[in-house]
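Excluded from the calculations below are hydrogen atoms, water molecules and symmetry mates; all remaining heavy atoms, backbone and side chain alike, are included. Chain naming here is simple, since letters A, B, ... match the order of the sequence lines and numbering starts at 1 in each.
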Amino acid sequence: MTETFTPPTRFAVPGRIAVSNQTAAVWQSATITEIRRETPHASTVRLAVPAWAGHLPGQHLMLRLTAEDGYAAQRHYSIASAPDDSGHIELTLDHVEGGEVSGWFHTVARPGDRVEVRGPVSGFFAWPGDRPALLIGAGSGVVPLMSMVRHHRAHGLDVPLRLLVSARSPQELIYAREYGAETTPVFTRSAPEGVPVGRMAAAHVAPLLAEQPNGGWEAYVCGSNGFAEHASRLLVEAGQPVDRIRIERFG
Amino acid sequence: MNVTRGFTGRPRVQNSGLPPGQYDAGDDWPVLSAEVTPDLTPGEWTFRVDGLVEEPRTWNWDEAHALPGSVYAGDIHCVTSWSKFGVRFGGVSLDAFLSVVRPHASATHAVAYSHTGYTTNLPLADLTGGRAWIAWEYDGQPLAPEHGGPARLLVPHLYFWKSAKWIAGLRILDHDEPGFWEQNGYHARGNPWEEQRYSGD
């Protein structure tokens, strides 16, 4: 007997995006060409990766650092840059307290240093620009979402795209100068004059779900687990179908 | 070996018990799931085993708890590179369920699926012989929803994406059929000691 198993809900339908297993399996050398400070705790690293096979907005990669005695540390990072043909990709890294990889990037790394990357991996969180996208992120959770915003902008796409981004303060808002009319920032600790301070709430989500585009929103949520739980709950309560919510949690 | 200038890493411990490429998450237990955490009460939870078996069967919460209890005490490993030492889960060995449904001799694999529709594939040999559990307690407490409560699959000798949260059932098959992450480029088996992270590893 041969059968194909179909799960009881639509959540697990195969990823819309085919992922190349070849590129995921090969470590490539990447050279740091630039490091830009975004906020007091986050920096963007630009990497030259000549053999990069390309990616879709929202995909991530695995990055590896190797010590002289052969010890290696590897971490998953979302790709911040939109796909382009420059031979470069960008990552934006939080400086994690005691983090051995992010600590190296924030205190040791300089242009010319080489690291290793493999990927892109996982098509589940990817957005090729084909459906209306409702993006909700907090802190460095905005990184894969920014790749989508940049992609949307670079190609002048007509498909609706909205970004709700939460940060502690304007100083902590990553990519602050790049946002346009598609973005609503939410500040949890301090905000500019006249802007309310508080947690992301139903009042932020409701107007976006009210302007239901053709085919409905595909929702992408990225941030800490606490934020992802909160934001996905807000979406469900506002009527977004659970199988049209994709979540990337920072573990 | 491509040494990274100025990278020393954390101080090394001999025989740390860490599979290659992993770090010790300590007291943290990161949550990684791609879907919305379901609101699932013990009263609504069911677990079914069907496919290539003599007697397909669905257990509810009380029926599953009537099976002999079993504990896993040991380590767990996530493909995103954290490991967690000395965890303790309570539940029932999968052997107890499988001895009731009796898989056919032709059975080789299973697809585990969740109440959310998440799927993951496993060789049957990784689910038998006291190596897999249906777990509903962590550290003596009910398993938290974000960690898969009320009940999850537990296959601690493989990367943790195989330990499907909010487990709803197993379909027993005579072939391997990639699940959710496996269709997204992850390895079919996921043995942490062989670093089977991605397809092709």
Side-chain angles (χ1 to χ4, degrees), chain A residues 1-5 7-15 17 19-22 24-27 29 62 64-76 100-101 104 108-109 112-116 118 121-125 225 228-229 232-233 235-236 242-243 245-251, chain B residues 1-10 12 20-23 25 28-39 51-52 78-82 104 106 110-111 113-121 145-146 168-169 171 173-175 177-181 183-186 197-201:
Chain A
M1 182 175 98
T2 294
E3 59 173 317
T4 299
F5 175 68
T9 79
R10 287 182 296 153
F11 166 77
V13 292
I17 314 304
V19 177
S20 162
N21 296 331
Q22 275 77 40
V26 178
W27 287 103
S29 181
M62 206 147 191
R64 178 166 76 181
L65 306 182
T66 306
E68 273 185 21
D69 65 356
Y71 170 82
Q74 46 188 325
R75 299 288 185 273
H76 284 263
E100 62 177 344
V101 175
W104 180 84
V108 179
D113 284 340
R114 288 191 304 175
V115 300
E116 289 174 291
R118 67 190 284 195
V121 291
S122 183
F124 176 71
F125 201 73
N225 179 57
E229 285 291 308
S232 60
R233 211 165 281 274
L235 282 168
V236 171
V242 289
D243 60 355
I245 301 174
R246 296 161 193 269
I247 305 178
E248 186 117 302
R249 299 165 202 257
F250 285 175
Chain B
M1 188 170 79
N2 293 301
V3 173
T4 312
R5 182 193 62 82
F7 177 70
T8 53
R10 289 202 182 92
R12 246 71 86 212
Q22 298 292 110
Y23 70 93
D28 288 346
W29 188 3
V31 174
L32 295 158
S33 43
E35 71 267 55
V36 177
T37 301
D39 279 321
L52 296 176
C78 176
V79 70
T80 62
S81 75
W82 58 264
H104 293 171
S106 62
V111 174
Y113 57 97
S114 297
H115 284 273
T116 60
Y118 174 84
T119 57
T120 187
N121 55 314
E146 61 185 14
R171 176 71 55 86
L173 304 171
D174 60 5
H175 60 281
E177 192 174 298
F180 174 73
W181 285 122
Q183 292 171 32
N184 276 291
Y186 284 72
R197 298 177 191 273
Y198 299 108
S199 174
D201 280 350

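With rounding to the nearest 0.5 angstrom, the CE atom of A:Met62 is 4.5 Å from the CZ atom of B:Arg197. From B:Phe180, atom CZ reaches atom CZ of A:Phe124 across 4.0 Å, with rounding to the nearest 0.5 Å. Put simply, CD1 on A:Ile245 and CD on B:Glu35 are 11.0 Å apart, with the number rounded to the nearest 0.5 Å. The NE2 atom of A:His76 sits 5.5 Å away from atom OG1 of B:Thr80, with the distance rounded to the nearest 0.5 Å. To the nearest 0.5 Å, the span separating OG on B:Ser33 from CD on A:Glu229 amounts to 7.0 Å.
The contact between B:Trp181 and chain A is made entirely by side chain atoms (from C-beta outward), counting heavy-atom distances below 4.5 Å. For A:Gln74, the parts lying near chain B are the backbone and the side chain together; criterion is any non-hydrogen pair under 4.5 Å. Contacts of A:Ala228 with chain B are absent, with no heavy-atom separation under 4.5 Å from either backbone or side chain. Residue A:Val108 touches chain B through both its backbone and its side chain, counting heavy-atom pairs closer than 4.5 Å. Interface residue A:Glu68: backbone and side-chain heavy atoms are both found under 4.5 Å from chain B.
Residues A:Arg114 and B:Thr4 have side chains that never bring a donor and an acceptor to within less than 3.5 angstrom of each other.
Under the side chain to side chain contact (heavy atoms under 4.5 Å, CB included) criterion, B:Thr8 pairs with no residue, sequence neighbours left out. When the salt bridge (Lys or Arg N to Asp or Glu O under 4.0 Å) test is applied to B:Asp28, no partner is found at least two apart in sequence or on another chain.
Residues A:Thr66 and B:Asn2 share a closest heavy-atom pair of CB-O, 3.3 Å. Residue B:Val31 comes nearest to A:Arg249 through the heavy atom pair O-CB, 3.4 Å, listed as atom of the first residue, atom of the second, then distance.
In terms of modelled atom types and a separation under 3.5 Å, the side chain of A:Glu100 and the main chain of B:Gly9 share no donor-acceptor contact. Panel note: side chain A:Ser122, backbone B:Asn184; no donor-acceptor pair is recorded below 3.5 Å.
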- Candidate pair B:Arg5 and A:Leu65, rule side chain to side chain contact (heavy atoms under 4.5 Å, CB included), full reasoning: CA-CA 9 Å; B:Arg5 182 193 62 82; A:Leu65 306 182; over 6 Å; no
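At least one side-chain heavy atom of B:Tyr23 sits less than 4.5 Å from a side-chain heavy atom of A:Arg75. In this structure the side chain of B:Asp201 reaches within 4.5 angstrom of the side chain of A:Arg118, judged on heavy atoms.
Within 6.0 Å of CG in A:Asp69 there are more than 12 heavy atoms belonging to other residues, nucleotides or ligands.
Between B:Phe7 and A:Trp104, the angle of the ring planes goes over 60°, which puts this pair in the perpendicular group of the 30/60° scheme.
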